[in-house]
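Just below is one structure, and these are the notes that go with it.
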Protein chains: 4
Amino acid sequence: MAPSAAPTRSAGRQRDGRTDAALIDAVLDLVGRGATLSGISFVAIAEHAGVSRNSLYRRWKTKDALYLDVLASLNRPLPALAGTSVLDDVAELLAVIIERSVDPRASQMLRALNAEASKFPQLHRRYFEEVVAPRRAVLIDLLERGVERGDIVNDVDVDFAASVLVAPILTSVAFNMTQDLDPKVTSRQIADLVFAGLAPRPTVD
Amino acid sequence: MAPSAAPTRSAGRQRDGRTDAALIDAVLDLVGRGATLSGISFVAIAEHAGVSRNSLYRRWKTKDALYLDVLASLNRPLPALAGTSVLDDVAELLAVIIERSVDPRASQMLRALNAEASKFPQLHRRYFEEVVAPRRAVLIDLLERGVERGDIVNDVDVDFAASVLVAPILTSVAFNMTQDLDPKVTSRQIADLVFAGLAPRPTVD
Amino acid sequence: MAPSAAPTRSAGRQRDGRTDAALIDAVLDLVGRGATLSGISFVAIAEHAGVSRNSLYRRWKTKDALYLDVLASLNRPLPALAGTSVLDDVAELLAVIIERSVDPRASQMLRALNAEASKFPQLHRRYFEEVVAPRRAVLIDLLERGVERGDIVNDVDVDFAASVLVAPILTSVAFNMTQDLDPKVTSRQIADLVFAGLAPRPTVD
Amino acid sequence: MAPSAAPTRSAGRQRDGRTDAALIDAVLDLVGRGATLSGISFVAIAEHAGVSRNSLYRRWKTKDALYLDVLASLNRPLPALAGTSVLDDVAELLAVIIERSVDPRASQMLRALNAEASKFPQLHRRYFEEVVAPRRAVLIDLLERGVERGDIVNDVDVDFAASVLVAPILTSVAFNMTQDLDPKVTSRQIADLVFAGLAPRPTVD
DNA sequence: ACTTAACCGAGACGGTACGTCGCGTCTTTTT
DNA sequence: AAAAAGACGCGACGTACCGTCTCGGTTAAGT
């Protein structure tokens with residue numbers, strides 16, 4: 001969030017809260033249109049938000065500080081899962097991830113961050129810590145419970161398995177091919193394939 | 001390759017072939033250092049290559065034309081596979097892909113392209129056609145032969161399976177986390193997991 | 001003079017009289033430091049006076065209005081002359097003029113006005129009417145009485161003679177060379193020279 | 001003059017000499033219109049000259065450097081004097097000084113320099129050294145020869161007398177009242193008055 | 001050997017975008 | 001109502017960079 005509102009309101013005109021929102025939104029808009037993090041200028045942001053440069057610079061001195069708040073605005077908590085079966089829960093979680101990843105502004109933000117990780121190392125790290133890691137944590141937890149229940153083989157590297165499950169989604173997002181993703185269909189497709197495996201299973205009958 | 005060599009060689013001083021190479025190398029260097037495709041300027045490229053702007057503009061009029069030749073310089077044919085078993089071949093192919101994806105200049109070029117796909121649509125397409133597609137083709141071919149041989153279940157969507165197999169690698173590359181990749185280890189890890197599946201298999205005994 | 005005190009004193013807090021003085025003083029200070037009339041801003045004046053911009057704008061809406069009051073604050077009536085002889089009186093008057101012209105704030109104000117006469121025509125005129133003209137009037141009156149008494153040749157252009165007498169002083173002031181001026185010495189030097197003339201006089205013996 | 005043309009012409013495109021002239025002329029024009037030395041911006045100069053800011057900054061890094069060349073462009077050598085009599089020569093010299101001082105661009109430049117002497121001390125000094133001093137030197141030389149010949153009383157402070165002679169002109173210029181000056185009339189008026197003196201002379205008869 | 005035409009580096013030039021700064025106005029709280 | 005504090009829009013400024021251009025010099029093919 002923007003500068004924390006001081007409890008003791010000082011004298012002078014108050015900042016217009018809508019300006020903060022408009023500016024953050026402008027950044028997301030520009031990024032969504034294919035702009036680069038380092039390519040976006042304060043001038044462009046202010047103009048796009050319909051705000052004076054002055055008001056922008058007063059709030060954030062550096063791009064890093066601004067982008068940090070932009071990232072924070074993208075973060076939303078995950079919904080609870082049904083909890084019927086591990087397979088279903090995984091599929092459901094993947095569906096949620098897909099839903100959010102499809103948002104063109106968020107996905108382009110991701111690509112921009114990946115491309116300029118060396119210029120914005122702090123941002124790159126924060127993105128993982130605040131957006132990616134929570135999702136991973138939920139998924140890993142899910143898988144571990146699956147192992148306990150016996151629904152998942154116990155010699156598997158849960159951490160790695162989580163990566164494999166999410167990878168197809170992240171790849172589509174990272175390569176700007178989100179049109180291939182469908183929340184319901186793709187999520188189940190992935191879950192089914194990774195759970196069943198490619199190698200044929202001996203028929204029990 | 002550089003500008004097509006004119007068949008009718010006219011009089012006058014000849015172009016220095018080393019200049020072409022130096023320029024293309026300069027682009028890769030700048031990209032490798034985290035520069036953006038649209039952020040790189042002809043001026044910067046010429047300076048980095050130690051060449052006059054004149055010599056650069058004489059060769060390529062537009063960035064697209066230049067970057068196209070840069071991309072072409074990254075393309076190398078795939079080596080032949082051992083052909084012992086489908087599982088081994090897949091692992092081996094993944095190992096080759098990892099090896100090449102680890103090159104920091106190529107991987108950063110990929111991230112840059114993904115981030116600016118909307119600004120360089122032609123380049124983005126070409127990259128897939130000339131670099132990604134050939135790899136996929138080999139992998140798909142491999143899987144189809146596996147299905148024919150009975151090493152892979154026949155109700156699987158081969159195309160989708162290929163995506164899942166490559167996804168972990170591409171994700172690491174796209175997210176600038178190639179340090180997690182090891183040609184030998186990771187390739188086998190992926191192949192093993194995807195072939196076996198997460199769900200426990202009934203013991204044959 | 002400061003804003004006309006409203007006869008009908010309305011309700012509310014009263015204006016602080018010291019603020020008016022501080023603001024006018026701030027202008028003189030800034031001018032004295034070499035600032036230009038058009039270069040000085042309301043903001044700078046308020047800051048220099050340690051007063052809020054609000055309080056300044058409330059008193060004067062335009063620079064001309066403000067500067068007019070600043071000029072008025074510089075005006076002081078001339079002291080009476082001894083009246084012994086015309087030569088002595090002229091020398092004494094010149095001494096007074098020098099004394100006042102040496103004040104760095106007033107002299108710099110003069111230079112500023114001369115430099116920007118075209119931008120502040122009203123001010124430029126007022127300065128002559130209220131500061132220069134009175135001095136000239138006294139001097140001309142003095143010379144005319146000298147002519148009547150026979151102490152000054154009667155074919156002289158009194159107006160022009162006055163100009164010649166004051167010119168060395170004004171020149172020093174206008175050219176920022178007031179260090180060359182000494183009230184007592186310079187005044188007598190001028191008067192002596194202009195009264196005696198350069199051409200040799202026939203010895204009466 | 002602008003940067004001294006190096007004898008060994010270096011590589012690259014040559015500078016357009018007309019640009020130098022246009023820029024210096026633009027400064028004089030702006031000053032002539034009442035602009036202040038510190039109030040003029042490089043932007044305004046370049047625009048007024050119809051030249052890109054780039055070309056201006058390339059030639060002069062600081063205002064001082066630029067104004068120095070502007071001043072130099074104002075300097076012209078004095079013509080020779082008739083040499084008939086000291087009185088006539090003085091009048092003639094004063095006439096020349098008036099002629100040159102009437103030029104609105106030069107006179108406004110003088111007022112601007114006087115007003116901002118503290119900000120441009122070097123310029124202020126240079127103006128005296130290169131424009132004022134030469135004139136004074138000629139005048140003083142003239143007066144000294146007058147003393148030798150016996151046309152001027154020998155107990156006079158020649159240096160001070162020169163100041164008194166020029167003062168009326170400089171005052172008119174400094175106070176923006178050049179309309180009072182007429183090369184022929186005023187010059188003789190000053191010379192006559194200062195030579196004859198105000199005090200009546202004993203009739204020789 | 002001489003001509004000629006393209007290559008090459010250096011640098012001038014116009015244009016433009018950017019970040020900063022300052023100004024004058026407006027808004028809010030306090031006195 | 002005065003006063004201080006500070007947000008806000010507007011605009012100008014100096015800088016930096018970009019792509020084009022115009023030079024002088026170099027180099028290699030063709031006469």
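Predicted, not measured: the structure shown is a model, and the values here were computed from it. A note on names: the letters A, B, ... follow the listed sequences, proteins ahead of strands, and every chain is numbered from 1.
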Q: For H48(B), check ring pair (Phe, Tyr, Trp, His ring centres under 6.0 Å) against everything at least two apart and list the hits.
A: none

Q.
For I45(C) and L56(C): C-alpha separation, side-chain torsions, deciding distance, then whether side chain to side chain contact (heavy atoms under 4.5 Å, CB included) applies.
A. CA-CA 8 Å; I45(C) 296 170; L56(C) 172 51; 3.9 Å; yes

Q: Would you mind reading off the bend of the helix from dA1(E)-dT31(F) to dT31(E)-dA1(F) from its two end axes, five pairs each, to 10 degrees?
A: 10°

Rounded to the nearest angstrom, tell me the gap between atom [atom1] in [X] and atom [atom2] in [N].
X      : N       : atom1 : atom2 : answer
R18(A) : dA7(F)  : CZ    : C1'   : 13 Å
D16(B) : dA29(F) : CG    : P     : 13 Å
L56(A) : dG9(F)  : CG    : C1'   : 13 Å
R58(A) : dG6(F)  : CZ    : C1'   : 8 Å
L30(D) : dC13(F) : CG    : P     : 11 Å
R59(C) : dG24(E) : CZ    : P     : 17 Å
W60(C) : dG24(E) : CH2   : P     : 15 Å

Q) When you check the phosphate oxygens OP1 and OP2 of dA7(F), does a side-chain N or O of T19(A) lie under 4.0 Å from one of them? A) no

Q) Which nucleotide, dT20(F), dG24(E), dC8(F), lies nearest any side-chain atom of Y57(C)? A) dG24(E)

Q | Closest to the Q14(A) side chain, choosing from dT28(E), dC8(E), dA3(F) | A | dT28(E)

Q: With a 4.0 Å heavy-atom cut-off, tell me which residues in residues 39-53 of chain C come close to DNA chain E, sorted by residue number.
A: S41(C), F42(C), V43(C), R53(C)

Q | Polar side chain donor-acceptor pair, T36(D) to E116(D), under 3.5 angstrom | A | no

Q: Give a yes-or-no answer on whether the side chains of R111(A) and Q108(A) include a donor-acceptor pair shorter than 3.5 Å.
A: yes

Q. For D25(B) and R105(B), what are the C-alpha separation, side-chain angles and deciding distance, and is it a salt bridge (Lys or Arg N to Asp or Glu O under 4.0 Å)?
A. CA-CA 10 Å; D25(B) 213 59; R105(B) 306 207 301 185; 3.2 Å; yes

Q) Which pair of heavy atoms, one from F120(D) and one from K63(D), lies closest together, and at what distance? A) CE2-CB, 4.4 Å

Q. If every non-hydrogen atom of M109(B) is compared with every non-hydrogen atom of L74(B), which pair is closest and at what distance?
A. CG-CD1, 4.2 Å

**Q.** Sole candidate of V27(D), V70(D), L30(D), V31(D) that passes side chain to side chain contact (heavy atoms under 4.5 Å, CB included) when paired with L37(D)
**A.** V31(D)

Q: Please state whether the base of dG19(E) and the side chain of N54(A) form at least one donor-acceptor pair under 3.5 Å?
A: no

Q) Got a donor-acceptor pair under 3.5 Å from the side chain of R13(B) to the base of dC7(E)? A) yes

Q | Steps toward side chain to side chain contact (heavy atoms under 4.5 Å, CB included) verdict (S55(B), D16(B)) | A | CA-CA 10 Å; S55(B) 298; D16(B) 189 338; over 6 Å; no

